[in-house]
Number of protein chains: 2
Amino acid sequence: MFILFASTKQMTTANRKLKEKEELKALILDSAKKLFLIKGVEQTTIRSIAQHIDYSVGTVYVYFKDKNAILNELHIQGFAQLSIQFEVLRHVANPMERLIAMGRLYIEFAMANPEMYELMFTLKAPMEALNEADDEEWKQGINAFTFLKATVLECISTGHFKGHQPDALTFMIWSLVHGMCSLHISNRITGVRLDNAAGMVPAGFEEFILILKKL
Amino acid sequence: MFILFASTKQMTTANRKLKEKEELKALILDSAKKLFLIKGVEQTTIRSIAQHIDYSVGTVYVYFKDKNAILNELHIQGFAQLSIQFEVLRHVANPMERLIAMGRLYIEFAMANPEMYELMFTLKAPMEALNEADDEEWKQGINAFTFLKATVLECISTGHFKGHQPDALTFMIWSLVHGMCSLHISNRITGVRLDNAAGMVPAGFEEFILILKKL
DNA sequence: AAATAAAATGAACATTGTTCATTAAATGAA
DNA sequence: TTCATTTAATGAACAATGTTCATTTTATTT
């Protein structure tokens, strides 16, 4: 795809337009994010997004193929956010400590941003969207998992987790933390009459830490 | 609510009508279950259910308040099914073995009935329906959790899990198994490029067993 | 200023869950 | 059997939603 400019002036207006398009796209995304953090994904309609930014319904569809495309971008934003929170882990030299700190941060993120967490790790739509665009893969997820796995491998190389398979063990650790967050978000903890539902997740993680430290 | 019968004949016809109502209700449920095991919960419409059993849309609403009421009944059926699969555990005397066997059965159930599993442990609708009917609680979930906890307690009383809190530990174990199933069902395992996605869940559980046996 | 291109619009459509006045069927009394 | 009454079933109609697209508006270029 080629765009030819006859003059500098044309180029700058084209650049401005590009910028404006980016801005409106970002505006739609911000609005969508804000709304579904309050109302939830299902309750956030294209109409409500449009209304919120004083544009028509059709305009939203000029900038996004469909609702899933919006969810997809927010899904990516969520991983960017988590990745930023993970930054501090770079300063934790001891891999075992880092592993535990990572778990804590993961849980913190999930509890603070349940809707975002669901979008990232539970809802099927984002994964299906990836399958459709066939050269696309779930880079965000792969990155996060790779980071976790690298830490597990470091733990192994410092003498921990003897006799364990790295892949399966990494997956198991992820599952444990995800499972707690998932059960919390889907209201199964209160459902099962465990008091202090919010406190149960850290408590469960503490049990796991006790176990980890022995390995 | 009182129903008075003037004769035996009236009583029997009334009984027959009750039975017929039950049957049609069950027919709707069966159809709904069949459809959403194939199409998924969202894709199963009231119209498709009605069409499938050659009744009108309105009839479905005579027998069920709304779509959530149908999901709710299926939710209960799912727990009944899981509970039946758990029956064999009664014959496992050793609590540690029973705990492990329970995990395997849980995983088996989730992998074999992913849609049902989602309904039971992920979808929010059934929990919200419980909140509305205020004297109702999540009996199925409580039962299953209590069963798990009892086994954990037995393990403790036979010398395992020293220094652990029963509630938190039970929740942690549940979370681990649930997390693996949940990540599998939401396609996050394939997403993260772990080959043999279906095999990764048992593999992860094997890692956990290794750990458990040391405790 | 006119022609062209780009962007925004909102009416219209299809699909959903849901309601409810109407119709049909079954029942019980006379 | 007949007919009034109760019960069950119906499907047209409504509101809400995602989505499309011919039309209008705005911006840009000539």
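What you see below is based on every heavy atom in this structure, not just the backbone, and it leaves out hydrogens, waters and symmetry mates. Keep in mind the model is a prediction, meaning the values are calculated, not measured.
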What I want to check is whether the side chains of B:Y117 and B:H184 have a donor and an acceptor closer together than 3.5 Å.
no
Can you measure from CD1 (A:I84) to CZ (A:F79) and round to the nearest 0.5 angstrom?
13.5 Å
When all nucleic acid strands are considered with a 4.0 Å heavy-atom cut-off, which category describes B:T45: base, sugar-phosphate, or nothing?
sugar-phosphate
Whole-Å distance, A:K67 NZ to D:dT17 C1', equals 8 Å
Cation-pi check for B:W138 against A:R193: NZ or CZ below 6.0 Å from the six-membered ring centre and within 45 degrees of the axis, yes or no?
no
Should B:S56 be listed as having a side-chain N or O under 4.0 Å from OP1 or OP2 of D:dT10?
yes
For B:T59 and for A:Q43, locate the closest nucleotide of DNA chain D by heavy-atom distance; then report the residue assigned to the nucleotide nearer the 5' terminus.
B:T59
Euclidean distance, atom CG of residue A:N68 to atom P of D:dT17 [Å, nearest integer]
17 Å
In whole angstroms, the gap separating C1' of D:dT10 from CD1 of B:I53 amounts to 13 Å
Please tell me if the side chains of B:R98 and B:E154 come closer than 4.5 Å, counting only heavy atoms from C-beta onward.
yes
Is the closest side-chain heavy-atom distance between B:F171 and A:V192 below 4.5 Å?
no
Under 4.0 angstrom, heavy atoms only, what part of the nucleic acid is A:S48 near: base, sugar-phosphate, or nothing?
nothing
Do B:R47's NZ or CZ and the ring of B:Y55 fall within the cation-pi criteria of under 6.0 Å and 45°?
no
How many whole angstroms separate atom NZ of B:K39 from atom P of C:dT16?
10 Å
Whole-Å distance, B:K19 NZ to D:dA8 C1', equals 18 Å
Could you run down the sub-3.5 Å N/O contacts of the protein with nucleotides 19-25 of chain C?
none

Measuring only between side-chain heavy atoms, which start at C-beta, is B:L123 closer than 4.5 Å to A:S186?
no
Give the rounded distance in Å between these two atoms: CG of B:L24 and P of D:dA8.
10 Å
In whole angstroms, how far is the P atom of D:dT7 from the OH atom of B:Y63?
13 Å
Give the rounded distance in Å between these two atoms: CD of A:E20 and P of D:dT28.
7 Å
Does C:dA30 have a Watson-Crick or wobble partner in any strand here, with both distances under 3.5 angstrom, and which is it?
D:dT1
